[in-house]
Protein chains: 2
Amino acid sequence: MLDFAVLGLLNESPMHGYELRKRLAALLGAFRAFSYGSLYPTLRRLAEAGWITEDAPLDAPGPRARRGKRVYRITAEGKEHLAELLAEVGPDAFDEDGFGARLAFFASTRSDVRLQILEGRRRRVEEQRDGLRSALSRAGERLDRYTRELHEHGLDSVDREVRWLTELIESERSERPQTRPRSGSERAAVRPDEHVTYPESREEP
Amino acid sequence: MLDFAVLGLLNESPMHGYELRKRLAALLGAFRAFSYGSLYPTLRRLAEAGWITEDAPLDAPGPRARRGKRVYRITAEGKEHLAELLAEVGPDAFDEDGFGARLAFFASTRSDVRLQILEGRRRRVEEQRDGLRSALSRAGERLDRYTRELHEHGLDSVDREVRWLTELIESERSERPQTRPRSGSERAAVRPDEHVTYPESREEP
DNA sequence: GGCGCATGTATCGTCGTGATACATCGCGCC
DNA sequence: GGCGCGATGTATCACGACGATACATGCGCC
């Protein structure tokens, strides 16, 4: 999840850890920004895996080991890996945060994958809604007033999210009405200025 | 946070860990139920602190060590501790989960503390709203369409939550219009069938 | 001249999660 | 008659994120 977001951002341009975190915050909604406590370990892991490089600006040979600014840059392998991540759905894509991260890079995501993600997320939220709904109608009467209020508010929110997702899905479908043909190669519906390159489209085995 | 919720539930009646988790889930909203991985360690911690007891049903002296059903029960000290927790606000009371937990036990919470919690939570959510709002008006135009959509939906939700909290606050105030007198002892406004006993009302030092 | 604030890198203890393991019991179903 | 399956029930562990903290630099502003 963090891997995905970091690669996505570094694919746009090289960055410092600090700026990365700010961009992450802007992307995922100000609150819900990862802390450095997870960001730096992630960067190191990504560097070890070869997806990114870490340009440490030649340490001035002074007496104290300076803590230099480090610029992180995506590698060719990293782009390849990102393209794979963008093309698959993965189980995290439907929870709150994972969905947010996927949505943030929808412009680089194949149109059919976009639909899969939106529909999966909607299914997930509908389950929440139904669970909440039946819990309320079962126990609603003998629930504490405040607890009931909380659950009703939660039900409302979740209900609105389902409607929002439905709108997104519909607009996604109307902009891409070729649901019919089911042609052999579902090719990338992506803008030409995209940085990533897509692997071959693959059928489910 | 978990401590608080567990003590609150055990204050109503003794329970197994399993049932505790179910009640927790019902209370906090089905999703957002703590896993056993945090529940059992918490129970052990609470038992060590003396807030609860752990009734292990005398192991049948058979060859294999049976894993018996354990009934957890709140102690007198636990009730005292719970009353303290209920009377103070604490910094977790304003985040999503902490607030939910506090709300779930509002019936056992002093009316003035209720107001503090509601208002603190509202302030928190207003900050989120304003941050989101200004981020959107600053960068809204050059934002990805999907990202903007996500942030606008988030802003909507947060906005509605503020309004919801305002309603709760107003109804809280109207049911307790003695905001005026500022009499020496802010006494418990609590139903007589409550299990907890309140410590002396204390003025801020 | 110094104060505070944004920039910038980094670590650590704490805590919750999600997966997993294991065990018992009642129920339906063939 | 026995078989499986889902609910009940207790428990652990690796992993990952958080929040606090530390430290350093450069910049503007009064």
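Here is the naming used below: chain letters follow the sequence lines, and residue numbers restart at 1 for every chain. The shown structure was predicted, so the numbers you read here are calculated from the model rather than taken from an experiment.
Using cut-offs of 30° and 60° on the angle between ring planes, the pair H153(B) and W164(A) is parallel.
Here R44(B) lies in heavy-atom contact (under 4.0 Å) with sugar-phosphate atoms only. Residue-level contact check: G37(A) touches the bases, meaning some heavy atom is under 4.0 Å from a base atom.
Mapping G17(B) and M1(A) onto DNA chain D via the closest heavy atom, the residue that lands nearer the 5' end is G17(B).
Proximity of S38(A) to the phosphate of dC18(D): a side-chain N or O atom is located under 4.0 Å from OP1 or OP2. OP1 or OP2 of dT7(C) has at least one side-chain nitrogen or oxygen of K22(A) nearer than 4.0 Å. Between R70(B) and dA11(D) there is a side-chain polar atom (N or O) within less than 4.0 angstrom of OP1 or OP2. OP1 and OP2 of dA11(D) both lie 4.0 Å or more from every side-chain N or O belonging to Y36(B). OP1 or OP2 of dT9(C) has not a single side-chain nitrogen or oxygen of R21(A) nearer than 4.0 Å.
What separates OH of Y18(B) from C1' of dT8(D) is a distance of 5 Å, to the nearest Å. To the nearest angstrom, C1' of dC15(C) lies 13 Å from CG of D97(B). Whole-Å rounding puts the L2(A) CG to dC15(D) C1' distance at 14 Å. The CG-P distance, from D92(A) to dA17(D), rounds to 10 Å in whole Å. Rounded to an integer number of Å, the gap from CE of M15(A) to P of dT9(C) is 12 Å. Remark: P of dT11(C) and CG of L39(A) are 12 Å apart, rounded to the nearest angstrom. When rounded to the nearest whole Å, the span between CD of E54(B) and P of dT10(D) equals 9 Å. When rounded to the nearest whole Å, the span between CZ of R23(B) and P of dG9(D) equals 14 Å.
Of the listed residues (R122(A), R121(A), R129(A)), just one forms a salt bridge (Lys or Arg N to Asp or Glu O under 4.0 Å) with E161(A), and that residue is R121(A). L46(A) pairs in a side-chain contact (heavy atoms from CB on, under 4.5 Å) with only one of the listed residues (T75(A), V6(A), I74(A)), which is V6(A).
Between its two ends, the helix from dG1(C)-dC30(D) to dC30(C)-dG1(D) turns its axis by 30°, counting five pairs per end and rounding to 10 degrees.
Shown here is R123(A), whose CZ atom has no more than 12 heavy atoms of other residues, nucleotides or ligands within 6.0 Å.
The side chain of Y40(B) has dG9(D) as its nearest neighbour among dT7(C), dG9(D), dT9(C). When each of dT7(C), dA17(D), dT9(C) is scored by its nearest atom to the side-chain atoms of H16(A), the top-ranked nucleotide is dT9(C). With dA11(D), dA17(D), dA10(C) as the choices, the nucleotide that has an atom nearest any side-chain atom of F34(A) turns out to be dA17(D).
Between the side chains of R23(A) and S13(A), no donor-acceptor pair is found at a separation under 3.5 Å.
Within the 6.0 Å centre-distance limit, the rings of F105(A) and F4(A) are counted as a close aromatic pair.
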Donor-acceptor list for residues 92-104 of chain B side chains, cut-off 3.5 Å, not counting sequence neighbours:
unit_1, atom_1, unit_2, atom_2, d
D95(B), OD1, G98(B), N, 2.9
D97(B), OD1, R32(B), NE, 3.1
D97(B), OD2, R32(B), NE, 2.6
D97(B), OD2, R32(B), NH2, 3.0
R102(B), NH1, L85(B), O, 3.3
R102(B), NH1, E88(B), O, 2.9
R102(B), NH2, L86(B), O, 3.0

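Using a cutoff of 4.0 Å between basic side-chain nitrogens and carboxylate oxygens, R73(A) and D55(A) are scored as salt-bridged.
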